[in-house]
Asks: 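Could you have a look at this structure, given as structure tokens, before my questions?
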Amino acid sequence: MIDVLIVGAGPNGLMLACELALAGIHPVVLERHATPTGEPRANGLVGQVVRLLDRRDLYARLSGESTPPSPRPAFVFGAFPLDLTMLADNPHYALGVPQAQLEAALAARAAELGVDLRRGHEVVDLRQRPDAVEVDLADGTRLSSRFLVGADGGRSAVRRLAGIDFPGVTNDLSVSRTASVTVPASSLDPETGGLRVPGYGVVPPFQHTRTARGLIVWAPFPGRPAILSTTEWPDSPPGDETPMSLPELRASVTRVLGVDVPVGAPDGPGLLRRLAGGNTRIAARYRAGRVLLVGDAAHVHPAMGGPGLNLGLQDAVNLGWKLAATVRGWAPQGLLDTYESERRPVAERVVMSTQAQSALVGPGDEITGLRELFAELLRKPEVTGHIAALMSGADVRYPADPADPLAGRSAPDVVVHGDHGPVRLAELTRAARPLLLDSTGAYGAVAAPWRDRVDVITGPLEGTTATALLVRPDCFVAWSAGDPATLRASLTQHFGLPE
């Protein structure tokens, strides 16, 4: 019998597979497409997930850089530029890689870890037993697994077959058009990379620019065709029977900016897409018996601010160690259920943020007045800091002891000064094992009974005021230094009774 069957070989399913493999579980991943689609989707990652990729040795593979990620000086919120240089502690990271590149890197990592990835296999039915889930495939094959995870997107077959409702709202008011384009060299601003539009001005790069008539995004990605996108709120949206075209996008740009922009098609294939409306939904349950959901299968929302992969990949890492512990038999009672209790509130905050941003970019004079007020507020560092923490996920705190200021928060980027020199936390977390970082040497004996599950690292700590930290496999702090009895309780709560 298979231990864990994952349906969907997108970024979230592959990340979960890697996490399970690191924990000693060898999952099977089923993907209905016979080959990677290469369909253009996300154009990068934003938020704390970039630090997480560094902590799994994936950042260097994707960025081509040998140095750790550093915060970015600017971002956008609801078509407002965010000046993050005013923040003493900037939590915002970004990594500009297309989703196809991310999927390829995760698939390669999964292969290195021995993950069984089977393409061209579509799930058409499932049944739950007390000890397993039976899955029927389109080719007549039947598989049994101890657990089944749906990572198969917003239209998840697993979610539907498991009988999990997907409540929320559908908004049919907006129409977004996106295409890969070329523009004359004279249209490029040499200093900013923005799009110079006679009669309008410069459309800055990689920002949402709002006018009273709509929204426009200019994204001149290096080494690949630029992307131009618009969003409008028409009285009568076009039907799906009319194929999207470049002249249609150009006409939309003219309506949004009030002037024409000469755009052409790139050499070779490119993105050409129209989306009408959008969904905001969160699954009624993240778990139904032995079936669980991650990523878009559990939640969908507007794309404003690009939070999708930040949310979904961290779902996968939160679930991975808990599911592995359950399969291996040492998980404390209720540990697997904390996947939903910890991650659902994060999804709800992302939904709140994206809906607020969608409202702020809407048409009309009353929205313009609201934006004037927001522009004033965003000049205050405390407001910009709050927004940056929200968008990056740096404000996430899982339920924890309120007397412990670090518990439940993402671990700081500490450096341990051991016998062999300084070591970054990101180098210690690549195996996805729990860590006890102990600058005093006084707590190792407490954790000794858990030595099969928890690694103890001793040495002075740089980058935190804590003298000791218990770090979960998902790089969140379970406990920071205090009474040894509270450490023993946290070890038991998170990693079960010792053998």
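Numbers for residues simply follow the sequence, beginning at 1.
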Asks: Answer yes or no: is there a side-chain heavy-atom contact under 4.5 Å between P11 and E103?
Replies: yes
Asks: For E191, is the CD atom crowded, meaning more than 12 foreign heavy atoms sit under 6.0 Å from it?
Replies: no
Asks: Enter the distance from R285:CZ to F166:CZ here, rounded to the nearest 0.5 Å.
Replies: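 One finds 14.0 Å between CZ of R285 and CZ of F166.
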Asks: Less than 4.5 Å apart, any side-chain heavy atom of Y398 and any of T338?
Replies: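 Counting from C-beta outward, Y398 and T338 never come under 4.5 Å.
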Asks: Is any side-chain heavy atom of L148 closer than 4.5 Å to one of L126?
Replies: yes
Asks: Please find the pair of heavy atoms, one from R55 and one from C475, that lie closest to each other, and give the distance.
Replies: NH1-CB, 3.5 Å
Asks: Could you tell me whether R119 atom CZ has more than 12 heavy atoms of other residues or ligands within 6.0 Å of it?
Replies: yes
Asks: Between V123 and L5, does a side chain to side chain contact (heavy atoms under 4.5 Å, CB included) hold up when you go through it step by step?
Replies: CA-CA 11 Å; V123 173; L5 192 61; 5.8 Å; no
Asks: Minimum heavy-atom separation for T280 to P302, with atom names?
Replies: OG1-CD, 3.4 Å
Asks: Is a donor on one side and an acceptor on the other found under 3.5 Å between the side chain of R177 and the backbone of S252?
Replies: no
Asks: Between D152 (side chain) and A297 (backbone), is there a donor-acceptor pair under 3.5 Å?
Replies: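 No; zero donor-acceptor contacts below 3.5 Å.
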Asks: Given T384 and F75, is the side chain to side chain contact (heavy atoms under 4.5 Å, CB included) satisfied, shown in steps?
Replies: CA-CA 10 Å; T384 292; F75 197 55; over 6 Å; no
Asks: Has D474 got a side-chain atom pairing as donor or acceptor with V317's backbone, closer than 3.5 angstrom?
Replies: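 A pair under 3.5 Å: no.
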Asks: Considering only heavy atoms from C-beta outward, does the side chain of L45 approach that of Y93 to under 4.5 Å?
Replies: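 No, their side chains stay 4.5 Å or more apart.
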Asks: State the CD1-CG distance between I282 and D165, to the nearest 0.5 angstrom.
Replies: 14.0 Å
Asks: Examine distances only and state if a side-chain atom of R213 and a backbone atom of E232 form a donor-acceptor pair shorter than 3.5 Å.
Replies: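 Looks like no, no N/O pair under 3.5 Å.
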Asks: Could you tell me the separation between the NE2 atom of H301 and the OG1 atom of T354, rounded to the nearest 0.5 Å?
Replies: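 So the gap between those two atoms works out to 6.0 Å.
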Asks: For the atom pair OG1 (T429) and CZ (R472), what is the distance rounded to the nearest 0.5 Å?
Replies: 14.0 Å
Asks: How close do C18 and L113 get, counting heavy atoms only, and between which atoms?
Replies: O-CD1, 3.7 Å
Asks: Counting only heavy atoms not in R344 (residues, nucleotides, ligands), do more than 12 fall under 6.0 Å from its CZ?
Replies: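 Yes - once you tally the heavy atoms of other residues, nucleotides and ligands closer than 6.0 Å, there are more than 12.
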Asks: With the side chain counted from C-beta on, respond yes when F77 and L360 share a heavy-atom pair under 4.5 Å apart, and no when they do not.
Replies: yes
Asks: Quick one: salt bridge (charged side-chain N to carboxylate O under 4.0 Å, His left out) partners of R409, sequence neighbours excluded?
Replies: none
Asks: If you look at every heavy atom in A411 and V471, which pair is closest and at what distance?
Replies: CB-CG1, 4.2 Å
Asks: Do M244 and L275 touch side chain to side chain, with heavy atoms closer than 4.5 Å?
Replies: no
Asks: State, yes or no, whether a side-chain contact exists between W321 and E19 at a heavy-atom distance under 4.5 Å.
Replies: no
Asks: Do side-chain atoms of R453 reach the backbone of L491 as a donor and acceptor pair under 3.5 angstrom?
Replies: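 No: the side chain of R453 does not pair with the backbone of L491.
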Asks: For A468, is there any backbone N or O sitting under 3.5 Å from a side-chain donor or acceptor partner on W479?
Replies: no
Asks: Do you know the tightest heavy-atom contact between A226 and P220?
Replies: CB-CA, 3.8 Å
Asks: Please answer whether the main-chain N or O of L271 pairs with a side-chain N or O of S180 as donor and acceptor at a distance below 3.5 Å.
Replies: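 Such a contact is found between S180 side chain and L271 backbone.
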Asks: Tell me whether R210 contacts the main-chain N or O of A79 through its side chain, where contact means a donor paired with an acceptor under 3.5 Å.
Replies: no
Asks: Indicate whether the side chain of Q314 and that of N310 have a donor and an acceptor atom separated by less than 3.5 Å.
Replies: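 Short answer, yes.
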Asks: Do K322 and E342 come within less than 4.5 Å of each other through their side chains, counting heavy atoms only?
Replies: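 Yes, their side chains come closer than 4.5 Å.
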Asks: Rounded to the nearest 0.5 Å, what separation is found between the CG atom of L106 and the CE atom of M15?
Replies: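 Atom-to-atom, L106:CG and M15:CE are 6.5 Å apart.
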Asks: Under the criterion side chain to side chain contact (heavy atoms under 4.5 Å, CB included), I'd like the reasoning laid out for V149 against L323: C-alpha separation, chi angles, the key distance, then a yes or no.
Replies: CA-CA 10 Å; V149 180; L323 185 53; 3.9 Å; yes
Asks: Would you check if the side chain of R118 reaches a backbone N or O of G120 as a donor-acceptor pair within less than 3.5 Å?
Replies: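 No.
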Asks: Which heavy atom of G320 sits nearest a heavy atom of L20, and at what distance?
Replies: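 Looks like O-CD2, 3.5 Å.
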Asks: Please report the interatomic distance CE(M86) to NZ(K380), rounded to the nearest 0.5 Å.
Replies: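 It is 11.0 Å, given to the nearest 0.5 Å.
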Asks: With ring centroids as reference points, do F221 and F206 lie under 6.0 angstrom apart?
Replies: yes
Asks: Do side-chain atoms of N12 reach the backbone of L313 as a donor and acceptor pair under 3.5 angstrom?
Replies: yes
Asks: For S229 and R273, does a side-chain donor sit closer than 3.5 Å to a side-chain acceptor?
Replies: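 There is no such pair between these side chains.
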Asks: Before giving the answer on salt bridge (Lys or Arg N to Asp or Glu O under 4.0 Å), spell out for R328 and D3 the whole-Å C-alpha distance, their side-chain angles and the decisive distance to 0.1 Å.
Replies: CA-CA 10 Å; R328 297 182 69 178; D3 282 328; over 6 Å; no
Asks: Compute both the distance and the angle, then confirm whether R343 meets the cation-pi test with Y286: under 6.0 Å from the six-membered ring centre, within 45 degrees of the axis.
Replies: no
Asks: Scan side-chain atoms only and decide if R51 and Y59 contain a donor-acceptor pair under the 3.5 Å cut-off.
Replies: no
Asks: Looking only at the side chains, is there a donor atom on one of E372 and T368 sitting less than 3.5 Å from an acceptor on the other?
Replies: no
Asks: With side chain to side chain contact (heavy atoms under 4.5 Å, CB included) as the test, would you mind laying out the steps for L336 and L292 before giving the verdict?
Replies: CA-CA 10 Å; L336 192 55; L292 299 109; 4.3 Å; yes
